[in-house]
Amino acid sequence: MAKDKRSPEEHSIDPAAQQMLIRAEQLGLGTAFSRADDMAPCNIGSAGMCCKMCGMGPCRLTKDGQTGVCGATIDTIQARNLTRAIAAGAAAHSDHGRDMAFLLKAVANNEAEGYAIRDVAKLRTVAAHYHIYTENRSPQDIAKDLAELYISQFGQQHGQVAPIIRAPEKRQQLWKKRGVVPRGIDREVVEALHRTHIGDDQNAEHILEHAIRTALADGWGGSMMATDISDILFGTPAPLLGQANLGVLKKDMVNVVVHGHEPSLSEMIVAASQDPEIIAYARAAGANGVNLSGICCTANEILMRQGIPAAGNFLHQELAILTGAVEAMVVDVQCIMQALVGLAQNFHTRIITTSPKVQIKGALHIEFDEHKALTVAKQILKAAIDNFKNRGETHIPDVREDLIPGFSHEYINYMLGGTYRASFRPLNDAIMTGRIRGVAAIVGCNNPRSSQDYLHTKVVRELLRQDVLIVQTGCGAIASAKLGLLLGEAGLDQVGPGLREVCETVGIPPVLHMGSCVDNSRILTVLTQMVEEGGLGDDIDQIPAVGLAPEWMSEKALAIGTYCVASGAYVIFGGSSPVSGMPDRVADSDIVARYISEGWEKAYGGKLEFVPDPDEMIRRTLAHIDKKRAALGLPAYDPTRFGRSGDARMLELEKLPLAERQAALYGMSNR
Ligand code: NFS
């Protein structure tokens, strides 16, 4: 093994991944893991010091005082690069939201075969936010108005995007004062591209203010709308039992893996896979039916709502094909590696692209059309079933874990207070007393530059021990799921005493899986509701909470991080920083890194930092939580104060003789 090649154990801490990486090596096949070893990142580009905005360059600024051919300084170049990345991320999430809005409209007009409005209560709640009249109106009529309103947010030129009103009042005022309220989603993305074109905005801080506005158009715009509509059409998630990892693939069935992001097609494939016609078709092909599973955020969408198992997160996409057991990998948009097609040629797997926006050379394209989605879904499944006969040798790792996903903000509200007094009061109280030290949202991607799932699960495990309640989405949630951390009470032995008491009392796992990456908007809603409940200040930046993306890699992650900062959160990214600069060589190359931390904190109360070392990530998270607790006048965190009640205490007491138990429980004396 060459010196810079890592072993399977170094590439991933997931035993299923390690097995598949050994198989890849035996077969002489490359994966993202081996390609990352072979391709060192460009140290100038990765530090944000390369400008390729025009044909006079690319310009690489590696010396003190150096500028681009046009005179652009290092901070301008870094701010432009970061802002473009945030705009691309916001565009991806929001375009997903746009398609969901078109789908809602088609469903409302009875033009979408196979779909229905599944959650009328959520439709009414969302419509009421915008004063859409709901009394005595059919769900279709309300949905038409909501779809029109949401569609209009993309091309809107003035005013503010509608969901902004769902943020805490004080935050809205701050955004207004700073002039960063997004006017229309497309407008902000276009303006980000305009401002970063050669010869435009050349004041780093001014460029970055627009990055904030663009990111807000994602979090409090496109992403929030995508989540709303997915819930309305497919049901608001509630806890259910699921499974994760490659061991969910089945040897005796036709394995179809859906991969990408949009629930519109995958939900229909779920429906089609249960259709008697498809089951009979699979049986006739010699299989025991169709076994569906997911990769990436599509996995999260159908796991949260239907309990369809997750075959894995981002870095599992190639590994699933290496099992030799996948008849079809059906992809739509985002996070799909082009390498899938070449890899699949070594097996029988068909890569099927479905989005009018995404084709991959060499893949089979069966285009999704919401007007005849069930028909298309059946066509896709039949192509997969027809491929079953071509299957060769299979190697499915016998590795899978159970998990309980499905924690929408609606469900968290309900579980804390029940049907009649649903409320965030118990959560706020638990934070105020110190039973829960604070909250961490641990989200985002896998990155083959680090060891798959290692950073995610290291941070999760340590923060749980420190009584920090964790919410997760995206590939981070699947990382924890694969390692058995989303297991309800079974995971409680890894949790600090105060948090454990709360989990036992409420009956929740200490890590709450809240959905896909667009569902980070649910986290914004939870934070807002915590503010509105009272006791934790009057804005999000006062809550003892931190957001982390330990293994980030996508532009979408940067957009998410930035809208969380703009909403008041401290956000820590692991891995490398796209604006790190090389301060030892170019003195001014960390201006932007300092500005998005100290500058944004002054302006928004939230800050964005890139911290490669997980121990340092944990240290900064806890320090921030403790700082926010102190600012609110809450008691300092004390791990010895709690843990003497709840189930743990009862189990302890059960071991005592009756008289002692009674004395402990009721203060009765046996004298
Ligand atoms: Ni989020 Fe989902 Fe995963 Fe990262 Fe990609 S799947 S939208 S971007 S890699 S978490």
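Numbering of ligands and ligand atoms starts at 1, following listing order.
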For this session: Would you tell me whether N300 and D519 have side-chain atoms, one donor and one acceptor, within less than 3.5 Å of each other?
Result: no

Problem set entry | Closest approach of any protein heavy atom to atom 5 (Fe) of ligand 1, naming residue and atom | C335 SG, 2.3 Å

Exercise. Hey, are S480 and Q472 close enough side-chain-wise for a donor-acceptor pair under 3.5 Å?
Worked result: yes

For this session: Please confirm if an N, O or S atom belonging to C296, backbone or side chain, lies less than 2.8 Å from atom 2 (Fe) of ligand 1.
Result: no

Exercise. Considering only the protein, which heavy-atom contact is closest to atom 2 (Fe) of ligand 1, and what is its distance?
Worked result: H261 NE2, 2.3 Å

Problem set entry | contact_flag M553 ligand 1 heavy-atom lt 4.0 Å | yes

Exercise. Does one side chain, of Q359 or T353, offer a donor that lies under 3.5 Å from an acceptor on the other?
Worked result: no

Exercise. How close does the nearest protein non-hydrogen atom get to atom 8 (S) of ligand 1, and which residue and atom is it?
Worked result: S554 OG, 3.2 Å

Exercise. Would you say the side-chain atoms of W220 and S567 include a donor-acceptor pair closer than 3.5 Å?
Worked result: yes

Exercise. Any Lys/Arg nitrogen of D332 or K357 sitting under 4.0 Å from an Asp/Glu carboxylate oxygen of the other?
Worked result: no

Problem set entry | Whether A557 lies under 4.0 Å from ligand 1, heavy atom | no

Exercise. Nearest to atom 1 (Ni) of ligand 1, what protein heavy atom do you find, and at what distance?
Worked result: C517 SG, 2.3 Å

Problem set entry | Identity and distance of the protein heavy atom lying nearest atom 3 (Fe) of ligand 1 | C475 SG, 2.3 Å

Problem set entry | Closest to atom 9 (S) of ligand 1 among C445, G89, A479 (heavy-atom distance) | C445

Problem set entry | Side chain to side chain, R620 and I572, heavy atoms closer than 4.5 Å | yes

